[in-house]
Amino acid sequence: MSTFRSIQAPAAVVMVRPHRFTPNPETATDNAFQNPAAVGEARAIAAAAHREVTRAAEQLQDAGVRVHLFEDRGEQDTPDSVFPNNWFSTHPGGRVAIYAMHSPSRRRERRQDVIEMLKAEYRVQDVIDYSGLEHDQLFLEGTGAMVLDHTAGVAYTARSNRADPVLLERFSTHFNFEPIVFDTADMAGRPIYHTNVLMCVATEFALLGTRSLTDPSRAREVVARLQEWGHEVIDLSPEQIGEFAGNAIELSGRAGRVLALSQRACDSLTARQKARIKRSARLLPLAVPTIELAGGSVRCMLAGIHLSPRRAAAGLGKAT
């Protein structure tokens, strides 16, 4: 297993621990991965989600990943706040993007205290805020809508109402990415709402649901582009995509790189797929079945920090 850190695998993340978690009915219209909460179980579901985030943060910390853990006590009515990767992203060179969100309830997830923490703990040179474009019905939901290859400078993007082409082009120009856009469909023929459900780009490999791309020739182009930059493509079946196997993120830990994904996703991988991943990164399965009711999994829960720290730090960073 390779142990050196890479530009693709951040060593720190932001997480949000919800106190009133529930699947968001506002986002269910185009998120086929979402399951409604059982009637009468709201408190139990919220408590389970709180425990899952707490335990996931501890496991990441144990692996040597720095975790900045923020609390959401529910004052802003933000049921999807556990997925912070959609409203902001960070980039080498000290740049931060803030995104325009499709669902009104998700716009309330943006937090100034997170941005202030980034400025205090890391070298931030520039913050570009696209959120005002919501008034023009232009949306781009961060590293959910885009899967970024920081090494190659490519923004892989599944076409959806959460990834407007005008805003994607603007982001790509500002942050020096080449957008590669494609159409997708799940097993029922519906477009997949976020790219990071079907794709993960790591340092030496990429997980990709090639059969979830509706145009086979476009799928071959995407595979070829990934291979061109040294990523061995691990093909995921539509069934594995349904188990969130594509919703993973590579991180830099204390003893080398780890691939954080849900236990459910890990269980869906074949022995051969796991063996290939383990040549590059240790599998780090996190049990988040309650969080997955909301239609997202581990990748959605982790906003990677690709910024240079102001000082050496370790441990679990907490903010409220």
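Hydrophobic clustering of Ile, Leu, Val, Met, Phe, Trp and Tyr side chains at less than 4.5 Å, counting indirect connections, keeps Phe175 apart from Val154. Tyr193 and Val181 are assigned to two separate hydrophobic clusters, defined by single-linkage of ILVMFWY side chains at heavy-atom distances under 4.5 Å.
By the side-chain contact (heavy atoms from CB on, under 4.5 Å) test, Glu228 pairs with Arg225, sequence neighbours left out. Here Arg159 pairs with Asp183 under the side-chain hydrogen bond (donor to acceptor under 3.5 Å, both in side chains) rule; sequence neighbours left out. Under the side-chain contact (heavy atoms from CB on, under 4.5 Å) criterion, Asp126 pairs with Arg95, Ile128, not counting sequence neighbours. Residues passing the side-chain hydrogen bond (donor to acceptor under 3.5 Å, both in side chains) test with Glu221 are Arg218, sequence neighbours excluded. Applying the ring-ring contact (aromatic ring centres under 6.0 Å, His included) rule to Phe88 yields no partners; only residues at least two apart in sequence or on another chain are considered. Under the side-chain hydrogen bond (donor to acceptor under 3.5 Å, both in side chains) criterion, Arg110 pairs with Glu134, sequence neighbours left out. Residues that satisfy the side-chain contact (heavy atoms from CB on, under 4.5 Å) test with Arg211, not counting sequence neighbours, are Asp235, Ser237, Pro238. Ser89 pairs by the side-chain hydrogen bond (donor to acceptor under 3.5 Å, both in side chains) definition with His91, Tyr99, not counting sequence neighbours. Tyr122 is linked by a ring-ring contact (aromatic ring centres under 6.0 Å, His included) to His68, counting only residues two or more places apart in sequence or in another chain. With sequence neighbours excluded, the residues that form a side-chain contact (heavy atoms from CB on, under 4.5 Å) with Ala158 are Phe182, Thr184, Thr195.
Asp77 and Arg108 are joined by a salt bridge, as a carboxylate oxygen and a charged side-chain nitrogen come within less than 4.0 angstrom of each other. We find that Glu121 and Arg66 are joined by a salt bridge, their nearest charged nitrogen and carboxylate oxygen being less than 4.0 Å apart. A salt bridge links Arg276 with Glu232: at least one charged nitrogen is closer than 4.0 Å to a carboxylate oxygen.
Taking 4.5 Å as the limit, some side-chain heavy atom of Leu251 sits within range of a side-chain heavy atom of Leu302. Between Ile115 and Arg111 there is no side-chain heavy-atom pair separated by less than 4.5 Å. No side-chain heavy atom of Leu259 sits less than 4.5 Å from a side-chain heavy atom of Arg282.
A donor and an acceptor atom, one from each side chain of Glu109 and Gln76, are nowhere located under 3.5 Å apart. Looking at His231 and Glu204, their side chains never bring a donor and an acceptor atom within 3.5 Å of each other. For Thr54 and Arg17, the side-chain atoms include at least one donor-acceptor pair closer than 3.5 Å. Between the side chains of Arg162 and Ser103, not a single donor N or O lies within less than 3.5 Å of an accepting N or O. Looking at Asp72 and Thr78, their side chains do bring a donor and an acceptor atom within 3.5 Å of each other. Defined by atom type and a distance below 3.5 Å, a donor-acceptor pair is present between the side-chain atoms of Glu71 and His19. At a cut-off of 3.5 Å, with distance as the only test, a side-chain donor of Glu250 or Thr203 sits close to an acceptor on the other residue.
In this structure, the side chain of Ser81 does not engage the main chain of Val16 through any donor-acceptor pair within 3.5 Å. Between the side chain of Ser262 and the backbone N or O of Ala265 there is at least one donor-acceptor pair closer than 3.5 Å.
In terms of heavy atoms, Ala48 sits closest to Thr290 at CB-OG1, 3.4 Å. Annotation for Val124 and Arg310: closest pair N-NH2, 4.4 Å, computed over non-hydrogen atoms. Here the closest non-hydrogen pair linking Ala248 and Leu261 is CB-CB, 3.8 Å.
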message: Could you go through Arg299 and Thr143, starting from their C-alpha distance and side-chain angles, then the distance that decides it, and tell me whether this counts as side-chain contact (heavy atoms from CB on, under 4.5 Å)?
response: CA-CA 9 Å; Arg299 173 63 185 97; Thr143 54; 3.2 Å; yes

- request: In sequence, state the C-alpha distance, the side-chain angles, and the governing distance for Thr270 and Gln240, and then conclude on side-chain contact (heavy atoms from CB on, under 4.5 Å).
  value: CA-CA 10 Å; Thr270 67; Gln240 289 176 316; 4.2 Å; yes

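Annotation: ring pair (Phe, Tyr, Trp, His ring centres under 6.0 Å) contacts involving residues 267-309, sequence neighbours excluded, comprise His150-His306. Sorted by first and then second residue, the side-chain hydrogen bond (donor to acceptor under 3.5 Å, both in side chains) pairs with a member in residues 164-174 read Tyr130-His174; sequence neighbours excluded.
Partner of Glu52 under the side-chain contact (heavy atoms from CB on, under 4.5 Å) criterion, out of Leu286, Val82, Ile291: Ile291 alone.
Heavy-atom neighbours of Arg107 CZ from other residues, nucleotides or ligands within 6.0 Å: above the threshold of 12.
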